[in-house]
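See below for the structure under consideration.
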Amino acid sequence: MYIEPTSHTVNSMTGDLSNSTGRYRKKISDLKGIYADHAKFFALCAQDPDRIVYDVCEVRPKAESGDLIFGTTHMLPGKVGSEFFVTRGHIHACANRPETYYGESGFGLMVLESPRGDVRIMEVTPKTIIYVPPMWIHRSVNIGDMPLVMSFCYPVDSGQDYDVIARSGGMAVRIVENGLGWQAIDNTDYKPRTEEQIQAIHATQD
Ligand code: S6P
Ligand code: ZN
């Protein structure tokens, strides 16, 4: 009648999680339309379409409201032109569901954007917890030259809306290498959300 408690070991270097219930991988060729430099993107895909950008390993108990999903994201280092490797990014389909991320190894950023276009950029370093509040679009970026491993935890009934970013022409900022380190630059393709689009996101809350 009660769910059995479980314990899981995180390999901070590889992101492997013991007794996980699922995993998936995103290769460079899965990430079309995300990066600004299309020519460099297609060149990378032609060179090695199977180049791994990130792996997710998770524990997903039965979908009962009130429960959690938790796991790890392991991102390889790399760039498309000057733009660092990123995850697809999303807002939770039920947008008022929050999330935490914990830095296991490597150096990264969490780029957050509110429906109205406010941007926050948080550094993800080992032993740092990042709180992603309800209603924020979130995307991870590996700004280092080694893998970035993070663990995460969020409510089981969150879901992911990946189109929210594409509908606006990307997130408001892109994270690029500038010779000294990382820099956030404006995404020139970005179209701020209309009031109607903002209200549609708000309407997903329960
Ligand atoms: C899910 C959570 C993470 C990401 C993972 C990959 O809500 O934020 O598990 O799924 O970091 O990112 P993405 O944007 O491809 O789902
Ligand atoms: Zn999420």
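When a ligand or atom number is given, it counts from 1 through the structure's own listing order. Keep in mind that this is a model prediction, so the values were computed, not measured.
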**Prompt:** For atom 9 (O) of ligand 1, which protein heavy atom lies nearest, and how many Å away is it?
**Reply:** Phe152 CZ, 3.1 Å

**Item:** Closest approach of any protein heavy atom to atom 3 (C) of ligand 1, naming residue and atom
**Value:** Tyr101 OH, 3.3 Å

**Message:** For the CD atom of Glu104 and the OG1 atom of Thr73, what is their distance to the nearest 0.5 Å?
**Reply:** 10.5 Å

**Backbone of Lys79 reached by a side-chain donor or acceptor of Tyr35 within 3.5 Å** = no

**Asked** Taking side chain as C-beta onward, heavy atoms only, is Trp182 less than 4.5 Å from Glu123?
**Response** yes

**Asked** With a cut-off of 4.0 Å, which atoms of ligand 1 are near a heavy atom of Val56?
**Response** 5 (C), 6 (C)

**Check: Pro98 and Ser158 side chains under 4.5 Å, non-hydrogen atoms** = no

**Asked** Which ligand 1 atoms does Glu99 reach within 4.0 Å, using its non-hydrogen atoms?
**Response** 1 (C), 2 (C), 3 (C), 7 (O), 8 (O)

**Request:** Find out whether Asp157 and Arg97 are in side-chain contact, i.e. whether some heavy atom of one side chain is under 4.5 Å from a heavy atom of the other.
**Result:** yes

**Prompt:** Looking only at heavy atoms, is any part of Lys26 under 4.0 Å from ligand 1, and if so is it the side chain, the backbone, or both, or is it neither?
**Reply:** neither

**Location of contacts on His138 toward ligand 1, heavy atoms closer than 4.0 Å** = side chain

**Fill in**
Checking heavy atoms under 4.0 Å, the part of Gln160 that sits near ligand 1 is side chain

**Thr87 side chain reached by Met150 side chain, heavy atoms, under 4.5 Å** = no

**Request:** Pick one of side chain, backbone, both or neither for how Glu58 approaches ligand 1, counting any non-hydrogen atom pair under 4.0 Å.
**Result:** neither

**Request:** Provide the number and element of each atom of ligand 1 under 4.0 Å from a heavy atom of His90.
**Result:** 1 (C), 2 (C), 4 (C), 7 (O), 8 (O), 10 (O), 13 (P), 14 (O), 16 (O)

**Request:** Would you please classify the geometry between the Tyr54 ring and the Tyr24 ring as parallel, tilted or perpendicular, with 30° and 60° separating the classes?
**Result:** perpendicular

**Item:** His8 versus Thr6, side-chain donor and acceptor atoms under 3.5 Å
**Value:** yes

**Fill in**
CG of Asn11 to NE2 of His74, rounded to nearest 0.5 Å, is 9.0 Å

**Message:** Please determine whether a side-chain nitrogen of the Lys or Arg among Arg51 and Asp30 lies less than 4.0 Å from a carboxylate oxygen of the Asp or Glu.
**Reply:** no

**Fill in**
One finds that the ligand 1 atoms under 4.0 Å from a non-hydrogen atom of Tyr162 are 13 (P), 14 (O), 15 (O), 16 (O)

**Asked** Protein N/O/S atoms under 2.8 Å of the Zn ion (ligand 2)?
**Response** His90 NE2, His92 NE2, Glu99 OE1, His138 NE2

**Prompt:** Which distance, rounded to the nearest 0.5 Å, do you find between the CZ of Phe107 and the CG of Asp145?
**Reply:** 9.0 Å

**Stepwise side chain to side chain contact (heavy atoms under 4.5 Å, CB included) check, Glu58 with Leu17** = CA-CA 7 Å; Glu58 60 186 16; Leu17 183 65; 5.7 Å; no

**Request:** Would you mind checking which non-hydrogen protein atom is closest to atom 5 (C) of ligand 1, with the distance to 0.1 Å?
**Result:** Thr73 OG1, 3.5 Å

**Request:** Please state whether the rings of His92 and Tyr154 are parallel, tilted or perpendicular, taking 30° and 60° as the class boundaries.
**Result:** parallel

**Request:** Say whether Ser158 and ligand 1 are in contact under the criterion: heavy-atom distance to a ligand atom below 4.0 Å.
**Result:** no

**Prompt:** Do side-chain atoms of Asn142 reach the backbone of Phe84 as a donor and acceptor pair under 3.5 angstrom?
**Reply:** no

**Protein contact to atom 12 (O) of ligand 1 [nearest heavy atom, distance to 0.1 Å]** = Thr87 CB, 3.6 Å

**Prompt:** What's the shortest distance from atom 15 (O) of ligand 1 to any protein heavy atom, and which residue and atom give it?
**Reply:** Tyr54 OH, 2.5 Å

**Item:** Nitrogen or oxygen atoms of Gly89 and ligand 1 under 3.5 Å apart
**Value:** yes

**Request:** Answer with yes or no whether Tyr24 contacts ligand 1, where contact means a heavy atom under 4.0 Å from a ligand atom.
**Result:** yes

**Prompt:** Would His92 count as a contact of ligand 1 if the rule is a heavy atom under 4.0 Å away?
**Reply:** yes

